[in-house]
Amino acid sequence: MDILPKPKIQFYKVRTFNEKMNVTFDFLRENLKPLLKFSLYVILPLCLIQSFCMDSFMRLYLDALSSESDGGDVTDIASTAGRYGLLILCTLFGSILLSALVYSLLQTYERRDERLQGLVFADFKALFRANCIKVARIMLFVFAVVMASAIVVSLLAWVSPWTLIVTLLLLLGGLIAFMIPFTLLTPLYLFEDLPFAAALRKSVRYGFSAWGETFLVMLVFGLLANILGSVTSLPWTFVTIIGSVFSLLSSDAGVTSALWYRFLTYILGVLTAYGTYVSMIISVGGMAFQYFHLREKKEGVTMKTDIANFDRLSP
């Protein structure tokens with residue numbers, strides 16, 4: 001007897017929290033191979049650079065700690081800060097690539113009758129490029145908001161410490177309140193053909209109308225992603241700590257200067273970076289299905305599609 005393939009996952013559907021978890025992991029299980037394959041193509045080259053930045057930053061940071069008792073060195077501190085800045089840039093760029101990749105595969109899965117079977121990168125290359133630009137635009141908007149907040153805080157700190165305290169409380173409250181709607185901005189902006197300002201307004205409207213359940217989805221899926229990312233980073237953390245202890249206890253660089261040790265930490269750093277990005281797929285997928293749930297609940301996307309298809313089929 002022939003075994004029928006599993007039905008295609010329906011994106012736009014009102015679901016409970018447990019159903020969102022189940023459908024997210026159903027999608028990940030069904031498409032694990034293409035997700036890992038394309039993440040290797042897109043993310044691994046960046047991980048090779050990021051691991052070098054991690055290793056370089058840790059070595060400079062430990063050298064700065066060891067020389068702190070001697071008064072420190074401004075040049076070493078500046079170098080350490082510069083390497084940390086490069087690491088942050090790698091992380092931001094990787095987040096853009098990973099988010100754009102996952103949403104591109106979700107969009108491709110929805111549009112293709114074959115789902116993601118037999119998919120090659122050329123099939124969604126243009127979509128991936130467009131999504132990268134959109135995610136980068138969101139990142140720039142967040143950066144602009146953070147910089148504007150920092151400028152306001154600095155000006156008010158110059159005026160009076162009391163105005164600074166009030167402003168910090170207001171900014172903290174606003175951050176907590178608007179952080180949840182902003183998590184819906186990426187799937188909404190990528191899945192709907194809307195200008196950025198319209199997508200931002202709609203994400204705020206959606207987010208505040210379902211603040212509690214969106215926060216729960218973000219919290220649970222974020223914790224799962226962090227746990228998985230922590231597991232993949234354990235080898236690098238363990239080896240780095242052991243090498244640092246030996247280096248601090250000895251008078252010279254010792255183990256940390258050995259070629260085999262630096263090569264080992266580099267390889268483990270690549271594994272750590274890649275594992276961290278792969279773990280993000282869980283949280284990105286969970287938020288995508290939260291968006292599908294909210295849009296179906298408020299707009300009835302499936303019903304409108306069924307009506308449109310019925311009108312086309314009617315004589």
State plainly whether one hydrophobic cluster holds both [X] and [Y], where clusters connect Ile, Leu, Val, Met, Phe, Trp and Tyr through side-chain heavy atoms under 4.5 angstrom apart.
| X | Y | answer |
| --- | --- | --- |
| Leu268 | Val231 | no |
| Leu184 | Phe208 | yes |
| Val284 | Ile227 | no |
| Leu234 | Val278 | no |
| Leu194 | Ile133 | no |

Could you grab the distance from atom [atom1] of [X] to atom [atom2] of [Y], nearest 0.5 Å is fine?
| X | Y | atom1 | atom2 | answer |
| --- | --- | --- | --- | --- |
| His293 | Lys298 | NE2 | NZ | 8.5 Å |
| Asn31 | Ile9 | CG | CD1 | 6.5 Å |
| Ile49 | Leu86 | CD1 | CG | 10.5 Å |
| Leu228 | Met280 | CG | CE | 12.0 Å |
| Trp236 | Ile267 | CH2 | CD1 | 14.5 Å |
| Lys297 | Glu213 | NZ | CD | 5.0 Å |

Are the side chain of [X] and the backbone N or O of [Y] linked by a donor-acceptor pair below 3.5 Å?
| X | Y | result |
| --- | --- | --- |
| Ser51 | Cys47 | no |
| Tyr274 | Leu48 | no |
| Lys8 | Glu110 | yes |
| Gln107 | Leu190 | yes |
| Tyr206 | Leu188 | no |
| Asp123 | Val120 | yes |
| Arg15 | Met21 | no |
| Thr240 | Thr237 | no |

Contact summary for [X] and [Y], nearest pair of heavy atoms:
| X | Y | result |
| --- | --- | --- |
| Ser104 | Asn131 | OG-ND2, 2.8 Å |
| Ala210 | Thr214 | O-OG1, 2.7 Å |
| Thr232 | Thr272 | O-OG1, 3.7 Å |
| Ser95 | Met139 | CB-CE, 3.9 Å |
| Pro181 | Val204 | CB-CA, 3.7 Å |
| Gln50 | Leu87 | CG-CD1, 3.8 Å |

Just checking [X]: does its [atom1] atom have more than 12 heavy atoms from other residues, nucleotides or ligands closer to it than 6.0 angstrom?
| X | atom1 | result |
| --- | --- | --- |
| Tyr266 | OH | yes |
| Phe143 | CZ | no |
| Lys37 | NZ | yes |

Do the non-hydrogen side-chain atoms of [X] and [Y] ever get within less than 4.5 Å of each other?
| X | Y | value |
| --- | --- | --- |
| Phe124 | Leu101 | yes |
| Arg111 | Leu127 | yes |
| Phe191 | Tyr12 | yes |
| Glu299 | Leu294 | no |
| Val23 | Phe292 | no |
| Asn226 | Ser279 | no |
| Tyr277 | Thr91 | yes |
| Ile43 | Phe38 | no |

Knowing that exactly one of Ile96, Leu185, Leu98, Leu140 qualifies, which makes a side chain to side chain contact (heavy atoms under 4.5 Å, CB included) with Val135? Ile96
Audit row: Leu224, Phe25, side chain to side chain contact (heavy atoms under 4.5 Å, CB included) steps and yes/no: CA-CA 12 Å; Leu224 291 174; Phe25 285 103; 3.9 Å; yes
Output field: ring centroids Phe196/Phe141 closer than 6.0 Å: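 Ring centres of Phe141 and Phe196 closer than 6.0 Å.
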Looking only at the aromatic ring of each residue, does the gap between the centers of Phe27 and Tyr109 stay below 6.0 angstrom? yes
Relative to the ring of Phe121, is the ring of Phe128 parallel (under 30°), tilted (30 to 60°) or perpendicular (over 60°)?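 Correct class here is perpendicular.
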Any idea how Phe57 and Tyr84 line up, ring-wise: parallel (<30°), tilted (30 to 60°), or perpendicular (>60°)? tilted
Salt bridge flag under 4.0 Å for residues Arg295 and Glu192: yes
Derivation of the side chain to side chain contact (heavy atoms under 4.5 Å, CB included) call for Thr183 and Phe215: CA-CA 9 Å; Thr183 59; Phe215 172 77; over 6 Å; no
Using side chain to side chain contact (heavy atoms under 4.5 Å, CB included), reason through Thr186 and Tyr291 one step at a time and then give a plain yes or no. CA-CA 10 Å; Thr186 303; Tyr291 159 73; over 6 Å; no
Between Arg115 and Glu30, is the salt bridge (Lys or Arg N to Asp or Glu O under 4.0 Å) condition met? List the steps. CA-CA 10 Å; Arg115 311 178 194 184; Glu30 179 182 338; 3.0 Å; yes
Test side chain to side chain contact (heavy atoms under 4.5 Å, CB included) applied to Lys13 and Glu19, step by step: CA-CA 10 Å; Lys13 181 180 179 181; Glu19 290 173 338; 5.8 Å; no
